[in-house]
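For the numbers below, each heavy atom of this structure counts, side chains included, while hydrogens, waters and symmetry mates do not. Proteins come first, then strands; the chains are lettered A, B, ... in the order of their sequence lines, and each starts at number 1.
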Number of protein chains: 2
Amino acid sequence: MTITQLQYVLAVAEHQNFTLAAQKSFVTQPTLSMQIQKLEDELEIQIFDRSKKPIQLTEIGKKIVEQARNIVNESGRMQDIVDQQKGFIGGEFKLGIIPTIMPTLLPMFLKTFIKKYPKVNLKIEELTTETIIKRLNEGHLDAAIAATPLGYEQIKERVLYYEPFVGYITENHRLYHKKELETSDLDIDDILLLEDGHCFRDGVINLCKTPRAITDDHFQLESGSFETLIKLSNEDLGMTLLPYLHTLDIKESERKYLRHFAEPRPAREVSLLFHKSELKMQIIEALRGVIMGIVRGAIAFHNVEIISPVQS
Amino acid sequence: MTITQLQYVLAVAEHQNFTLAAQKSFVTQPTLSMQIQKLEDELEIQIFDRSKKPIQLTEIGKKIVEQARNIVNESGRMQDIVDQQKGFIGGEFKLGIIPTIMPTLLPMFLKTFIKKYPKVNLKIEELTTETIIKRLNEGHLDAAIAATPLGYEQIKERVLYYEPFVGYITENHRLYHKKELETSDLDIDDILLLEDGHCFRDGVINLCKTPRAITDDHFQLESGSFETLIKLSNEDLGMTLLPYLHTLDIKESERKYLRHFAEPRPAREVSLLFHKSELKMQIIEALRGVIMGIVRGAIAFHNVEIISPVQS
DNA sequence: TAAAAACTATCAATAAAACTTATCATTATT
DNA sequence: AATAATGATAAGTTTTATTGATAGTTTTTA
């Protein structure tokens, strides 16, 4: 049994197709077929059920894949150990970010990060939370930034900051004349929300359970942009909640519609996610350090109470 | 990086000698040298400091070895997974047993075990607790039976049974005329004990802290046999404590010296030990099943209160 | 339903690697 | 200083992984 064979198995398990898996592994299809057969012969089991199309894992195959992933991960960590010892922070690093965090957070830390760690070859992708989890489990992402808590067994979460929501309320709304909002003011049917996991923290109001928040009788919204929400809100279709950082670049003419909350402020928890195998942990820690530093900076220059990073 | 290379590294780390490590790995010395160099080149670090004699691990080398052991263990588990799926219980299994448990316990379960699991090629070695821990960590033992608790980070313990101690008290001893002993009767300076970890359980009296129990002013004892203790006791050098199973084959003429304890009986905890990686877990479970069954049997045929297996 | 496409297995040839024997260089031991 | 022990190096051999070509299936398309 070789590590290479295990990598081939993982590739086939993932793509459910020998030819494609071979391409992704940068070998020809016969190479991959033969190596997998060799492994199957050695273990005296069938890993894949080739009669089904697309190819399926056998029962035992699923366990083999799980263990193979484990071994391949642990092998990958060998280089991590060396890097860590050398104090080397570098190499390819794939980071996923959800759409509602990407435009506000990324510009804040990217420049600082690539300047501080020039040897890291950062590859950033905008992905949904669902895709992020899948990619992290498959090892195609090294880390991700998303709204939490998610509570996946295989994924670790490190809170970066809590981002309060700010109400966006136009003239004709019943709450327009309130100076400060209370969580008790909120009527769930009256708020325009995005689909991804916004959690009002500490269980004040937990909106996690509404995967597609906007399911009014009249319309459904699947856009991922707060711009859309603002526009809809301007059309008097309801109030909306914007994460604080998004409110920083709202047009001057619309700022008058912003209403902050009184304590306890509803907020979304934004965390750095990574696989529990903790591969490339030095880079993850470096990234976390940079972002947390930036967040502390943001507090200094803006409203101290707006962004509250986790104590540590 | 290959699994074979990692195995070579482990061999050298263990034997501190390339030539010997090569022999143990069933390859020639140049093969091993070259493969290790290749790995060092690939990782761009030195794993071994060849200037020191015997060869030493570098700082980073120690971490590499730790991770290598991890990967090799996980690789070994692949066959376990297959075996488990097939319901196959077989292959080589190396079991260590401490000297004070070996003669009484082994005859009780060996026949049953090899009959029930004929495909297991059991290799049993009598070893000290210290050696057992070392071998389990190095992967040269699959499991062991010893007095517990030991509390090693890397080693898991599964209690097999609690074996009460029975006093052996000759005519001239002050306690000879007591029908039943109390733990409060015991005078630690007056008892002949073996060196290995006898623990009076539940903190009644904890003798774990006396690594070499017999350190009288007059003599020291390093024998590992209760026979010796009995003979010394017969010479009026003090009373002794014998594990219950050892009292079963004491000569008729000496049985009159045996004194059982009143509750709470001091006892030693006897456990099955194995590495936390849980390699060959099916065989370990099979072994545990057989021994626990035998212990239950012993209770049925002897004194129910003598051996109390852990509830489960 | 026949033809085309997609996909995996097999075979022979080749490139890469792991391994061996022989030998050298260096470091301990006598 | 001689000897033994030990690891590195070199050249040659064996083994293994990989490739390109192709055959055999199954699925998709026309």
Side-chain angles (χ1 to χ4, degrees), chain A residues 1-58 60-62 64-65 68 71-72 75-76 78-79, chain B residues 1-62 64-65 68 71-72 75 78-79:
Chain A
M1 186 175 81
T2 68
I3 295 170
T4 309
Q5 284 171 349
L6 299 180
Q7 286 168 329
Y8 292 164
V9 168
L10 291 183
V12 175
E14 183 184 339
H15 298 105
Q16 300 191 312
N17 175 320
F18 276 65
T19 312
L20 183 56
Q23 276 172 23
K24 298 283 181 181
S25 306
F26 306 106
V27 290
T28 57
Q29 170 265 316
T31 302
L32 197 131
S33 283
M34 286 170 105
Q35 287 306 313
I36 286 181
Q37 275 185 40
K38 248 185 83 176
L39 181 61
E40 288 180 327
D41 288 352
E42 186 183 326
L43 297 176
E44 296 183 300
I45 42 114
Q46 285 285 109
I47 298 172
F48 297 102
D49 181 350
R50 293 149 171 91
S51 71
K52 299 228 179 68
K53 295 289 154 91
I55 254 174
Q56 291 293 304
L57 282 167
T58 59
I60 177 76
K62 287 177 193 165
I64 297 288
V65 164
I71 295 171
V72 170
S75 307
M78 199 59 101
Q79 188 62 55
Chain B
M1 188 176 78
T2 68
I3 294 169
T4 310
Q5 284 171 350
L6 299 179
Q7 286 168 328
Y8 292 163
V9 168
L10 292 184
V12 175
E14 183 183 342
H15 298 104
Q16 301 192 312
N17 176 318
F18 276 65
T19 314
L20 183 56
Q23 278 172 21
K24 298 283 180 179
S25 306
F26 307 107
V27 290
T28 58
Q29 171 263 315
T31 300
L32 196 130
S33 284
M34 289 170 90
Q35 286 306 312
I36 286 180
Q37 276 184 40
K38 247 184 81 176
L39 181 60
E40 287 179 328
D41 288 351
E42 186 183 327
L43 297 176
E44 296 182 301
I45 43 113
Q46 285 285 109
I47 298 172
F48 297 102
D49 180 351
R50 292 150 171 91
S51 70
K52 298 230 178 66
K53 297 287 155 90
I55 249 170
Q56 292 292 306
L57 281 167
T58 59
E59 273 311 300
I60 178 75
K62 286 176 193 165
I64 297 288
V65 165
I71 295 171
V72 170
S75 306
M78 200 57 103
Q79 188 62 55

### Query
What is the distance from CD of A:E40 to P of C:dT10, rounded to the nearest Å?
11 Å
### Interatomic distance, B:D49 CG vs C:dT26 C1' [rounded to whole Å]
15 Å
### Task
Please indicate whether B:Q56 has more than 12 foreign heavy atoms, meaning atoms of other residues, nucleotides or ligands, lying under 6.0 Å from its CD.
yes
### Task
Starting from the C-alpha separation in whole Å, work towards a yes-or-no answer on side-chain hydrogen bond (donor to acceptor under 3.5 Å, both in side chains) for A:Q35 and A:T31.
CA-CA 6 Å; A:Q35 287 306 313; A:T31 302; over 6 Å; no
### Query
Checking all strands, does B:K38 fall into the base, sugar-phosphate, or nothing category for heavy-atom contacts under 4.0 angstrom?
sugar-phosphate
### Short side-chain donor-acceptor distance under 3.5 Å, B:Q37 and B:S33
no
### Query
Where the side chain of A:K53 is defined as all heavy atoms beyond and including C-beta, which of D:dT27, D:dG20, C:dA18 is the nearest nucleotide?
D:dT27
### Query
Separation of A:M34 atom CE from C:dA13 atom P, in whole Å?
13 Å
#### Entry: First of A:P30 and B:T19 reached from the 5' end of DNA chain D, by closest nucleotide
B:T19
### Message
Below the 4.0 Å mark, does C:dC7 have OP1 or OP2 next to a side-chain nitrogen or oxygen of A:R50?
### Response
no
### Summary
From CE of B:M1 across to P of C:dA18 the rounded distance in Å is 13 Å
## Note on the structure
Rounded to whole Å, CD of A:Q29 lies from C1' of C:dA9 at a distance of 7 Å
### Task
Give A:Y8 one of three labels, base, sugar-phosphate or nothing, depending on what nucleic acid heavy atoms sit under 4.0 Å from its own.
sugar-phosphate
### Task
Choose from C:dA9, C:dA17, D:dT19 the nucleotide whose nearest atom is closest to any side-chain atom of A:F18.
C:dA9
## Note on the structure
When rounded to whole Å, the CG to P distance for the pair A:L32 and D:dG20 reads 15 Å
